[in-house]
Amino acid sequence: MTTANLILWIRRVRSYMDTHWADAIADQILKLGHKHLVASGITPSGDIHIGNMREVVTADAIYRALKDKNADVKLIYIADTFDPLRKVYPFLPDSYSEHIGKPLFKIPCPCGEHENYAEHFLQPFLQSLGALEINAEILRADEIYNEGKYTQSIINTLEQQHTIAQILEKTSHRKLPDDWSPFNPLCPRCDSITQTRVTGFNSKLQTVDMTCACGYTGTIPVTGGGKLTWRVDWPARWSILGVTVEPFGKDHATSGGSYDTGRKIAKKIYHYTPPHPIVYEWIMLKGKGAMHSSKGLAISISEMLEVLPPEVLRYFIIRSKPEKHIEFDPSTTLLNLIDEYDRMDISSRAYQLSQTKKAWHSNIPFKHIVTAIQVAGDTRALLDILERSGYDTVDTRAVLARAENARKWLDKYAPPYVKFTIQERLPQTTKSFSTKERQALLKLAEQLSEWNTPEEIHNGIYEIAKSITIDPKTLFRAIYVSLLSTTSGPRLGYFLASLDKDFLIQRFDQAAQEQKE
RNA sequence: GGGCUGGUAGCUUAGUCAGGCAGAGCAUCGGACUCUUAAUCCGAGGGUCAAGGGUUCAAAUCCCUUCCAGCCCGCCA
């Protein structure tokens with residue numbers, strides 16, 4: 001084999017072995033160095049939804065992939081608590097208009113139980129991170145600023161603000177106002193960071209002169225006295241924390257966007273090599289477009305964890321390459337997602353990267369549980385059904401946890417076709433039953449009282465079908481129609497055993513009589 | 001207006017970087033399991049790779065044009 005052929009052959013083999021995207025990215029990153037800091041971050045201005053979660057899970061997948069390759073790697077999550085409230089979102093009372101322009105950590109908690117506005121949305125999210133076993137170090141922007149970590153960078157920034165302004169104007173094709181400053185002072189009187197202006201600064205004393213629309217004029221310390229504007233804050237943060245890898249939404253990725261200006265500012269002003277970018281696409285709500293918590297069009301992570309095990313939620317993100325849109329529909333997508341996860345080859349990389357320590361691999365299809373809980377009256381009955389169908393229920397708590405997921409899902413998101421209800425009255429469609437079907441149903445009504453176990457019922461139905469020479473299929477359908485008004489349903493033996501016998505006898509009797517009309 | 005990303009079977013998608021017989025899973029249909037349809041196993045059908053053009057012995061893959069979806073160029077992943 002010639003060398004050229006060999007190379008071709010290797011390429012082909014490599015393309016056949018499907019490398020998971022997280023490993024491919026990790027390989028690229030490792031070419032840049034062995035030690036890495038993977039950063040992620042979100043502004044907690046509203047419910048943190050599963051769209052936001054893509055950032056953190058993507059970061060975590062890369063973090064885990066790097067770790068598996070023995071890299072020296074750390075994962076951080078930064079909450080942008082210093083960002084201002086931009087408007088009164090629909091979920092806020094009108095009274096919050098007075099807080100517009102204040103940083104989130106300075107605004108009171110909407111429910112009154114958290115330290116501030118930012119924490120109100122951050123706390124449930126951090127709990128979800130725990131459930132997803134994303135062990136990121138949590139940082140809050142207001143703390144980083146107040147601790148003085150930004151101070152020297154802010155001074156550098158102010159000193160070189162003309163250069164920065166040039167980069168911004170040239171790269172993002174926009175004109176900055178004459179009084180533009182990269183620093184947004186926090187007004188000591190009214191807490192606004194959007195109505196303030198920098199009028200001067202002193203590098204030695206590390207102070208800034210400012211005025212505010214509220215009338216305040218004065219000199220404040222740089223440390224804790226305000227924040228850098230986003231497009232400057234981001235590259236400053238990279239250099240301060242030493243970020244080498246960062247996923248971000250496609251909104252930042254465009255040329256002239258904030259990564260584009262950020263990388264130039266990082267190099268020129270902070271002499272820092274910008275982090276390796278990982279651009280990810282958005283999660284769309286099927287038929288409704290992108291998620292926005294501000295528009296009430298979002299599903300929060302905690303809501304999702306009510307109906308999905310954490311490892312499946314991880315898998316939901318990890319199975320798709322970051323640059324792909326994810327169409328999401330909490331009804332059908334979810335139903336198939338769980339089963340897909342359970343069916344996965346456990347040696348596949350997507351599966352491994354989705355794992356949590358508490359994860360439980362089930363051989364019980366979610367669809368089956370969904371059926372079972374609709375039949376079962378209580379927990380014991382549910383476990384019986386599952387055991388009878390030949391499933392392993394030894395890990396009772398895990399089974400019940402999933403049953404609880406299924407119950408909530410049925411309640412909130414399930415499409416009608418997976419739900420069934422025992423019809424209170426005999427369905428009209430029973431009128432079209434044939435004579436044989438009626439005979440069979442009548443016989444069933446007569447014999448039902450003698451049968452006690454699902455097996456007996458099951459076998460009994462076959463016996464009846466045989467004795468009347470009717471196709472079992474037809475009889476099954478007649479029974480389902482009589483009870484549910486649908487042509488199929490849960491496994492009959494157990495299903496009938498779990499229902500009230502007198503009711504069944506009466507119903508089948510009635511269905512058999514109906515022909516008279 | 002300028003730019004970024006995606007468009008592959010009914011659905012979710014792999015393969016696009018680096019051209020070499022379009023591959024899965026779900027769903028559907030058929031069969032088997034002489035106790036089952038929403039349990040299990042086996043099998044089948046299903047594709048103008050968004051459209052058109054170009055380069056090439058060879059294009060889903062590279063180049064150009066167009067269409068569709070979403071996004072950025074004002075701090076909403």
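Quantities reported herein were computed from a predicted structural model and do not represent experimental measurements.
Distance, A:Phe82 CZ to B:C75 P: 18 Å, rounded to whole Å. Note: NZ (A:Lys102) to C1' (B:C75) measures 20 Å, nearest angstrom. Atoms CG (A:Asp342) and P (B:C26) sit 13 Å apart, rounded to a whole Å.
By the side chain to side chain contact (heavy atoms under 4.5 Å, CB included) test, A:Gln195 pairs with A:Ser192, A:Cys212, A:Ala213, sequence neighbours left out. A:His99 is linked by a side-chain hydrogen bond (donor to acceptor under 3.5 Å, both in side chains) to A:Lys102, counting only residues two or more places apart in sequence or in another chain. With sequence neighbours left out, the side-chain hydrogen bond (donor to acceptor under 3.5 Å, both in side chains) criterion links A:Gln166 to no other residue. Annotation: side-chain hydrogen bond (donor to acceptor under 3.5 Å, both in side chains) contacts of A:Glu281 (sequence neighbours excluded): A:Lys250.
A:Arg54 comes within 4.0 angstrom of nothing in the nucleic acid, heavy atoms only. Here A:Asn184 lies in heavy-atom contact (under 4.0 Å) with a base. In this structure, A:Lys321 reaches the sugar-phosphate backbone alone: every heavy-atom distance under 4.0 Å involves primed, P, OP1 or OP2 atoms, never a base. As judged by a 4.0 angstrom heavy-atom cut-off over every strand, A:Ile461 is placed among residues making no nucleic acid contact. Using a 4.0 Å heavy-atom criterion, one finds that A:Ser258 contacts no nucleic acid atom at all.
Under 3.5 Å, the side chain of A:Ser45 and the base of B:C76 form no donor-acceptor pair of N or O atoms.
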Between the protein and nucleotides 2-8 of chain B, which nitrogen or oxygen pairs are less than 3.5 angstrom apart?
{"residue": "B:G3", "atom": "O2'", "partner": "A:Ser255", "partner atom": "OG", "Å": "2.8"}
{"residue": "B:G3", "atom": "N2", "partner": "A:Thr254", "partner atom": "OG1", "Å": "3.3"}
{"residue": "B:G3", "atom": "N3", "partner": "A:Thr254", "partner atom": "OG1", "Å": "3.4"}
{"residue": "B:U5", "atom": "O2'", "partner": "A:Glu323", "partner atom": "O", "Å": "3.3"}
{"residue": "B:G6", "atom": "O3'", "partner": "A:Lys324", "partner atom": "NZ", "Å": "3.4"}
{"residue": "B:G7", "atom": "OP1", "partner": "A:Lys324", "partner atom": "NZ", "Å": "2.8"}

Represent RNA chain B in dot-bracket notation, 5' to 3'. Only Watson-Crick or G-U wobble pairs with both distances under 3.5 Å count; pseudoknot-style crossings use [ ] and interstrand partners use |.
((((((((.[[[[.)....(..]]]].(((((.......))))).....[[[[[..)....]]]]])))))))....

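Considering only heavy atoms from C-beta on, A:Tyr280 comes within 4.5 Å of A:Glu55 through its side chain.
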